[in-house]
Q: 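Here it is, the structure in full.
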Amino acid sequence: MPFTLLPMLTVAGILFASSLLQTIVGFGAGLLGIPLLMLAGFPPVQAVAIVTITSIIQSALGSYQLRRSINLTDTRRPILIRLVMLPVGSLLLWQLGQHSQQAVKQVIGVVLLLIVLVQWRLRIAPATKLHAGWEWFAFSSSGLLLGFCGMGGPVLGLWTVAHDWPPLRSRGFMFLVMLGGNVPLALIHMILFGTLAGWGFAWGLYGLPWVFLGTLAGLSLGERVSKQGLRQLTLVVLALVGIQATVWPMVTSWLTGF
(Lines give C-alpha, C1' and ligand atoms only; values in the text may rest on other atoms or scores of the structure.)
Protein backbone atom coordinates (compact mmCIF):
# COMPACT_ATOMS: atom_id res chain seq x y z
CA MET A 1 0.00 0.00 0.00
CA PRO A 2 1.68 3.28 -1.10
CA PHE A 3 2.05 6.30 1.19
CA THR A 4 -0.53 8.39 -0.64
CA LEU A 5 -3.14 10.73 0.82
CA LEU A 6 -6.16 8.39 0.96
CA PRO A 7 -4.37 5.44 2.64
CA MET A 8 -2.67 7.84 5.06
CA LEU A 9 -6.02 9.36 6.08
CA THR A 10 -7.57 5.88 6.33
CA VAL A 11 -4.81 4.54 8.59
CA ALA A 12 -4.95 7.67 10.73
CA GLY A 13 -8.71 7.33 11.22
CA ILE A 14 -8.61 3.61 12.00
CA LEU A 15 -5.76 3.88 14.51
CA PHE A 16 -7.35 6.91 16.15
CA ALA A 17 -10.71 5.10 16.53
CA SER A 18 -9.22 1.80 17.71
CA SER A 19 -6.96 3.45 20.32
CA LEU A 20 -9.88 5.60 21.53
CA LEU A 21 -11.99 2.47 22.02
CA GLN A 22 -9.09 0.67 23.67
CA THR A 23 -8.79 3.50 26.18
CA ILE A 24 -12.52 3.75 26.95
CA VAL A 25 -13.78 0.16 26.93
CA GLY A 26 -10.58 -1.85 27.35
CA PHE A 27 -10.36 -3.43 23.89
CA GLY A 28 -10.27 -2.29 20.29
CA ALA A 29 -6.66 -1.80 19.22
CA GLY A 30 -6.21 -5.08 17.37
CA LEU A 31 -9.76 -6.40 17.47
CA LEU A 32 -11.13 -3.39 15.59
CA GLY A 33 -8.00 -2.05 13.90
CA ILE A 34 -6.83 -5.20 12.09
CA PRO A 35 -10.15 -6.11 10.38
CA LEU A 36 -10.74 -2.48 9.36
CA LEU A 37 -7.23 -2.21 7.92
CA MET A 38 -7.87 -5.37 5.89
CA LEU A 39 -11.20 -3.93 4.78
CA ALA A 40 -9.29 -0.82 3.63
CA GLY A 41 -7.11 -2.98 1.36
CA PHE A 42 -4.07 -3.87 3.48
CA PRO A 43 -2.92 -7.52 3.28
CA PRO A 44 -3.47 -9.42 6.58
CA VAL A 45 0.26 -9.52 7.37
CA GLN A 46 0.58 -5.74 6.98
CA ALA A 47 -2.57 -5.08 9.01
CA VAL A 48 -1.15 -7.18 11.87
CA ALA A 49 2.25 -5.46 11.55
CA ILE A 50 0.71 -1.97 11.73
CA VAL A 51 -1.11 -2.73 14.96
CA THR A 52 1.86 -4.68 16.38
CA ILE A 53 4.27 -1.76 16.20
CA THR A 54 1.79 0.63 17.81
CA SER A 55 0.98 -1.93 20.51
CA ILE A 56 4.68 -2.36 21.33
CA ILE A 57 5.03 1.36 22.02
CA GLN A 58 1.79 1.57 24.03
CA SER A 59 2.48 -1.53 26.11
CA ALA A 60 6.09 -0.47 26.79
CA LEU A 61 4.96 2.95 28.03
CA GLY A 62 2.13 1.38 30.05
CA SER A 63 4.45 -1.21 31.62
CA TYR A 64 6.90 1.49 32.65
CA GLN A 65 4.18 3.77 34.01
CA LEU A 66 2.62 0.96 36.09
CA ARG A 67 5.86 -0.84 36.98
CA ARG A 68 5.19 -0.55 40.73
CA SER A 69 1.78 -2.22 40.33
CA ILE A 70 3.07 -5.20 38.32
CA ASN A 71 3.54 -8.51 40.13
CA LEU A 72 6.18 -10.29 38.02
CA THR A 73 5.08 -13.66 39.40
CA ASP A 74 1.71 -13.13 37.68
CA THR A 75 3.31 -12.60 34.29
CA ARG A 76 6.10 -15.19 33.94
CA ARG A 77 4.12 -18.29 33.03
CA PRO A 78 1.55 -16.46 30.84
CA ILE A 79 4.37 -14.86 28.81
CA LEU A 80 6.18 -18.18 28.40
CA ILE A 81 3.02 -20.05 27.34
CA ARG A 82 2.23 -17.38 24.76
CA LEU A 83 5.79 -17.47 23.44
CA VAL A 84 5.55 -21.23 22.86
CA MET A 85 2.35 -20.88 20.79
CA LEU A 86 3.29 -17.66 19.01
CA PRO A 87 5.42 -19.30 16.26
CA VAL A 88 2.69 -21.90 15.70
CA GLY A 89 0.14 -19.18 14.92
CA SER A 90 2.60 -17.29 12.71
CA LEU A 91 3.44 -20.43 10.73
CA LEU A 92 -0.28 -21.10 10.24
CA LEU A 93 -0.64 -17.59 8.83
CA TRP A 94 2.35 -18.12 6.54
CA GLN A 95 1.12 -21.55 5.37
CA LEU A 96 -2.44 -20.40 4.69
CA GLY A 97 -1.16 -17.27 2.96
CA GLN A 98 0.77 -19.44 0.48
CA HIS A 99 -2.56 -20.69 -0.88
CA SER A 100 -4.88 -17.66 -0.72
CA GLN A 101 -4.89 -14.24 0.93
CA GLN A 102 -8.68 -14.34 0.70
CA ALA A 103 -8.69 -17.56 2.73
CA VAL A 104 -6.61 -15.79 5.40
CA LYS A 105 -9.15 -12.95 5.54
CA GLN A 106 -12.04 -15.38 5.86
CA VAL A 107 -10.40 -17.34 8.67
CA ILE A 108 -9.64 -14.09 10.51
CA GLY A 109 -13.29 -13.10 9.99
CA VAL A 110 -14.41 -16.36 11.62
CA VAL A 111 -12.04 -15.74 14.55
CA LEU A 112 -13.43 -12.22 14.89
CA LEU A 113 -17.03 -13.48 15.00
CA LEU A 114 -16.15 -16.07 17.66
CA ILE A 115 -14.42 -13.40 19.78
CA VAL A 116 -17.44 -11.10 19.43
CA LEU A 117 -19.77 -13.94 20.49
CA VAL A 118 -17.67 -14.68 23.57
CA GLN A 119 -17.38 -11.00 24.49
CA TRP A 120 -21.14 -10.57 24.09
CA ARG A 121 -22.35 -13.61 26.02
CA LEU A 122 -19.72 -14.51 28.59
CA ARG A 123 -20.16 -13.26 32.15
CA ILE A 124 -17.32 -13.97 34.56
CA ALA A 125 -17.43 -13.80 38.36
CA PRO A 126 -13.99 -12.56 39.54
CA ALA A 127 -12.00 -14.98 41.70
CA THR A 128 -8.76 -14.76 43.67
CA LYS A 129 -7.15 -17.67 41.82
CA LEU A 130 -8.09 -19.78 38.77
CA HIS A 131 -7.26 -23.41 38.03
CA ALA A 132 -3.90 -23.88 36.25
CA GLY A 133 -5.67 -25.67 33.40
CA TRP A 134 -7.57 -22.49 32.53
CA GLU A 135 -4.29 -20.58 32.53
CA TRP A 136 -2.71 -22.98 30.02
CA PHE A 137 -5.82 -22.96 27.84
CA ALA A 138 -6.22 -19.16 27.92
CA PHE A 139 -2.63 -18.27 27.13
CA SER A 140 -2.13 -21.05 24.59
CA SER A 141 -5.18 -19.68 22.75
CA SER A 142 -3.94 -16.11 23.19
CA GLY A 143 -0.47 -16.91 21.81
CA LEU A 144 -1.91 -18.84 18.86
CA LEU A 145 -4.32 -16.03 17.94
CA LEU A 146 -1.64 -13.38 18.41
CA GLY A 147 0.70 -15.18 16.02
CA PHE A 148 -1.99 -15.89 13.45
CA CYS A 149 -4.00 -12.67 13.36
CA GLY A 150 -2.69 -10.29 16.05
CA MET A 151 -5.84 -10.77 18.18
CA GLY A 152 -4.42 -12.30 21.36
CA GLY A 153 -5.73 -9.44 23.50
CA PRO A 154 -9.39 -10.48 24.00
CA VAL A 155 -8.46 -13.82 25.62
CA LEU A 156 -5.86 -12.02 27.73
CA GLY A 157 -8.53 -9.51 28.80
CA LEU A 158 -11.02 -12.25 29.74
CA TRP A 159 -8.38 -13.96 31.87
CA THR A 160 -7.54 -10.70 33.63
CA VAL A 161 -11.11 -9.72 34.48
CA ALA A 162 -11.68 -13.21 35.90
CA HIS A 163 -9.44 -12.18 38.82
CA ASP A 164 -10.40 -9.88 41.67
CA TRP A 165 -7.26 -7.80 41.20
CA PRO A 166 -7.12 -4.03 41.75
CA PRO A 167 -7.40 -2.05 38.48
CA LEU A 168 -3.75 -0.97 38.38
CA ARG A 169 -2.52 -4.54 38.90
CA SER A 170 -4.81 -5.75 36.09
CA ARG A 171 -3.69 -3.04 33.66
CA GLY A 172 -0.01 -3.53 34.50
CA PHE A 173 -0.36 -7.28 33.99
CA MET A 174 -1.95 -6.82 30.56
CA PHE A 175 0.62 -4.25 29.42
CA LEU A 176 3.61 -6.42 30.35
CA VAL A 177 2.16 -9.66 28.92
CA MET A 178 1.27 -7.84 25.68
CA LEU A 179 4.79 -6.40 25.45
CA GLY A 180 6.26 -9.86 26.04
CA GLY A 181 4.30 -11.18 23.04
CA ASN A 182 4.39 -8.32 20.56
CA VAL A 183 8.17 -7.87 20.40
CA PRO A 184 8.79 -11.54 19.46
CA LEU A 185 5.80 -11.37 17.08
CA ALA A 186 7.44 -8.49 15.19
CA LEU A 187 10.71 -10.45 14.89
CA ILE A 188 8.97 -13.64 13.73
CA HIS A 189 6.95 -11.79 11.11
CA MET A 190 10.06 -10.04 9.80
CA ILE A 191 11.69 -13.46 9.36
CA LEU A 192 8.64 -15.08 7.73
CA PHE A 193 7.28 -12.20 5.65
CA GLY A 194 10.23 -9.85 5.11
CA THR A 195 9.44 -6.66 3.20
CA LEU A 196 5.68 -7.16 3.45
CA ALA A 197 5.85 -6.98 7.26
CA GLY A 198 8.49 -4.24 7.09
CA TRP A 199 6.15 -1.92 5.20
CA GLY A 200 3.49 -2.64 7.82
CA PHE A 201 5.88 -1.56 10.56
CA ALA A 202 6.59 1.64 8.62
CA TRP A 203 2.85 2.34 8.47
CA GLY A 204 2.63 1.64 12.20
CA LEU A 205 5.33 4.22 12.95
CA TYR A 206 3.46 6.74 10.80
CA GLY A 207 0.30 6.01 12.83
CA LEU A 208 1.81 6.53 16.29
CA PRO A 209 0.74 10.21 16.61
CA TRP A 210 -2.85 9.20 15.79
CA VAL A 211 -2.69 6.44 18.41
CA PHE A 212 -1.57 8.96 21.02
CA LEU A 213 -4.34 11.38 19.98
CA GLY A 214 -6.91 8.59 20.24
CA THR A 215 -5.62 7.66 23.67
CA LEU A 216 -5.83 11.27 24.88
CA ALA A 217 -9.36 11.60 23.46
CA GLY A 218 -10.36 8.35 25.18
CA LEU A 219 -9.03 9.56 28.52
CA SER A 220 -10.98 12.82 28.08
CA LEU A 221 -14.23 11.12 27.03
CA GLY A 222 -13.99 8.17 29.39
CA GLU A 223 -16.18 9.68 32.08
CA ARG A 224 -18.67 11.33 29.70
CA VAL A 225 -19.80 8.41 27.54
CA SER A 226 -21.53 5.18 28.44
CA LYS A 227 -18.87 2.47 28.36
CA GLN A 228 -21.49 -0.26 28.13
CA GLY A 229 -23.32 1.44 25.25
CA LEU A 230 -20.08 2.07 23.36
CA ARG A 231 -18.99 -1.52 24.00
CA GLN A 232 -22.24 -2.89 22.54
CA LEU A 233 -21.98 -0.60 19.50
CA THR A 234 -18.39 -1.71 18.94
CA LEU A 235 -19.38 -5.38 19.07
CA VAL A 236 -22.08 -4.73 16.45
CA VAL A 237 -19.50 -3.07 14.18
CA LEU A 238 -17.07 -5.96 14.71
CA ALA A 239 -19.79 -8.50 13.93
CA LEU A 240 -20.58 -6.69 10.66
CA VAL A 241 -16.88 -6.58 9.74
CA GLY A 242 -16.56 -10.30 10.53
CA ILE A 243 -19.60 -11.13 8.40
CA GLN A 244 -18.21 -9.04 5.55
CA ALA A 245 -14.91 -10.93 5.71
CA THR A 246 -16.47 -14.40 5.81
CA VAL A 247 -19.81 -14.32 4.01
CA TRP A 248 -19.49 -11.56 1.42
CA PRO A 249 -16.70 -13.21 -0.63
CA MET A 250 -18.83 -16.36 -0.90
CA VAL A 251 -21.88 -14.29 -1.95
CA THR A 252 -19.92 -12.43 -4.64
CA SER A 253 -18.40 -15.70 -5.88
CA TRP A 254 -21.86 -17.23 -6.10
CA LEU A 255 -23.24 -14.18 -7.94
CA THR A 256 -20.41 -14.15 -10.48
CA GLY A 257 -21.16 -17.78 -11.22
CA PHE A 258 -24.43 -16.77 -12.92
Side-chain angles (χ1 to χ4, degrees), residues 15 18-19 22 26-35 37 44-67 69-94 107-108 111-112 114-115 118-119 130 132 134-163 165 169-193 197-198 200-201 204-205 207-208 211:
L15 293 181
S18 60
S19 60
Q22 177 81 26
F27 70 90
L31 192 58
L32 180 65
I34 291 170
L37 287 166
V45 170
Q46 282 193 347
V48 172
I50 291 169
V51 173
T52 297
I53 199 68
T54 59
S55 183
I56 287 173
I57 303 299
Q58 282 185 302
S59 54
L61 292 173
S63 298
Y64 178 77
Q65 185 181 26
L66 298 174
R67 62 192 181 280
S69 300
I70 297 173
N71 185 338
L72 292 178
T73 305
D74 296 337
T75 64
R76 287 173 188 154
R77 193 157 57 188
I79 289 175
L80 288 174
I81 296 171
R82 292 203 338 151
L83 286 177
V84 169
M85 296 304 296
L86 190 60
V88 179
S90 297
L91 285 171
L92 285 174
L93 174 62
W94 179 82
V107 173
I108 291 176
V111 171
L112 179 59
L114 290 173
I115 291 173
V118 172
Q119 288 272 353
L130 300 183
W134 285 113
E135 182 180 37
W136 282 93
F137 175 76
F139 292 107
S140 295
S141 304
S142 179
L144 184 69
L145 289 172
L146 179 64
F148 179 71
C149 59
M151 296 183 194
V155 180
L156 173 60
L158 290 172
W159 168 263
T160 305
V161 299
H163 290 79
W165 293 341
R169 180 179 175 183
S170 296
R171 291 175 61 207
F173 171 83
M174 290 190 66
F175 277 132
L176 189 56
V177 174
M178 285 192 292
L179 181 62
N182 280 313
V183 172
L185 176 65
L187 295 174
I188 291 170
H189 277 206
M190 277 299 296
I191 293 170
L192 289 177
F193 303 107
F201 296 141
L205 291 172
L208 282 176
V211 171

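We count residues from 1, following the sequence as given. Predicted model, so just to flag it, every value in this text is computed and none were measured.
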Q: Which atom pairs, one a donor and one an acceptor, fall under 3.5 Å between side chains of residues 143-157 and the rest of the protein, sequence neighbours left out?
A:
none

Q: Run the side-chain contact (heavy atoms from CB on, under 4.5 Å) test against Leu80 and tell me which residues pass, sequence neighbours left out.
A: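 Applying side-chain contact (heavy atoms from CB on, under 4.5 Å) to Leu80 gives none.
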Q: Please list all pairs meeting salt bridge (charged side-chain N to carboxylate O under 4.0 Å, His left out) that have one or both residues in residues 77-87, counting only residues at least two apart or in different chains.
A: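 Qualifying pairs, neighbours excluded: Arg77-Glu135.
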Q: Using the side chain to side chain contact (heavy atoms under 4.5 Å, CB included) rule, pick out the option among Leu72, Asn71, Leu66 that qualifies with Leu176.
A: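 It is Leu72; the other options fail the test.
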Q: Would you call Ile57 and Leu205 a side-chain contact if the rule is heavy atoms closer than 4.5 Å?
A: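 No. Closest side-chain heavy atoms not under 4.5 Å.
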Q: For the atom pair CG (Asn182) and OG (Ser55), what is the distance rounded to the nearest 0.5 Å?
A: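 The CG atom of Asn182 sits 4.0 Å away from the OG atom of Ser55.
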Q: Between Pro44 and Ile108, what is the shortest heavy-atom contact and its length?
A: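 Closest heavy-atom pair between Pro44 and Ile108: CB-CD1, 4.1 Å.
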Q: What's the shortest heavy-atom distance between Gly30 and Pro35, and which atoms?
A: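 Minimum heavy-atom contact is O-CD, 3.5 Å.
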Q: Please find the pair of heavy atoms, one from Leu15 and one from Gly207, that lie closest to each other, and give the distance.
A: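 Closest approach of Leu15 to Gly207: CD1-CA, 3.5 Å.
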Q: Between Pro78 and Val177, which heavy-atom pair has the shortest distance, and what is it?
A: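 Taking Pro78 first and Val177 second, the nearest heavy atoms are CB-CG2, 4.4 Å.
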Q: As an exercise, state the distance from CG of Leu32 to OG of Ser18, rounded to the nearest 0.5 Å.
A: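 The distance works out to 6.0 Å.
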Q: So, taking the atom named OG in Ser142 and the one named CD1 in Ile79, what distance separates them when rounded to the nearest 0.5 Å?
A: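 Taking OG in Ser142 and CD1 in Ile79, the distance rounds to 11.0 Å.
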Q: Could I get the full list of side-chain contact (heavy atoms from CB on, under 4.5 Å) partners for Pro184, not counting sequence neighbours?
A: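 Expected list: Leu83, Leu86.
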Q: Check side chain to side chain donor-acceptor pair (under 3.5 Å) between Arg67 and all other residues, then give those that pass, not counting sequence neighbours.
A: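 Partners of Arg67 by the side chain to side chain donor-acceptor pair (under 3.5 Å) criterion come out as none, since no residue qualifies.
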Q: Determine, stepwise, if the pair Leu185 / Val48 fulfils side chain to side chain contact (heavy atoms under 4.5 Å, CB included).
A: CA-CA 10 Å; Leu185 176 65; Val48 172; 4.3 Å; yes
Q: Are any side-chain N or O atoms of Thr54 and backbone N or O atoms of Val51, one a donor and one an acceptor, separated by less than 3.5 Å?
A: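 Looks like yes, one N/O pair under 3.5 Å.
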Q: Who passes side-chain contact (heavy atoms from CB on, under 4.5 Å) against Trp165, sequence neighbours left out?
A: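 In terms of side-chain contact (heavy atoms from CB on, under 4.5 Å), with neighbours along the sequence ignored, Trp165 is linked to Asp74, Thr160, His163, Arg169, Ser170, Phe173.
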Q: Please identify each residue that fulfils side-chain contact (heavy atoms from CB on, under 4.5 Å) with Val183, with sequence neighbours left out.
A: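 With neighbours one apart ignored, the set is Ile56, Leu179.
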Q: Closest approach of Ala49 and Ala197, non-hydrogen atoms and distance?
A: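 The answer is CB-O, 3.6 Å.
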Q: Rounded at 0.5 Å granularity, tell me how far OG in Ser59 sits from CZ in Arg171.
A: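 If I round to the nearest 0.5 Å, the distance is 13.0 Å.
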Q: Hey, could you give me the OG1/CE distance between Thr75 and Met178, rounded to the nearest 0.5 Å?
A: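 Rounded to the nearest 0.5 Å, the OG1-CE separation comes out at 12.5 Å.
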Q: Where is the tightest heavy-atom contact between Val88 and Val84, given as atom of each residue plus distance?
A: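 Residues Val88 and Val84, closest heavy atoms: CG2-O, 4.0 Å.
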Q: For Phe139, check ring-ring contact (aromatic ring centres under 6.0 Å, His included) against everything at least two apart and list the hits.
A: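 Result, ring-ring contact (aromatic ring centres under 6.0 Å, His included) vs Phe139: Trp159.
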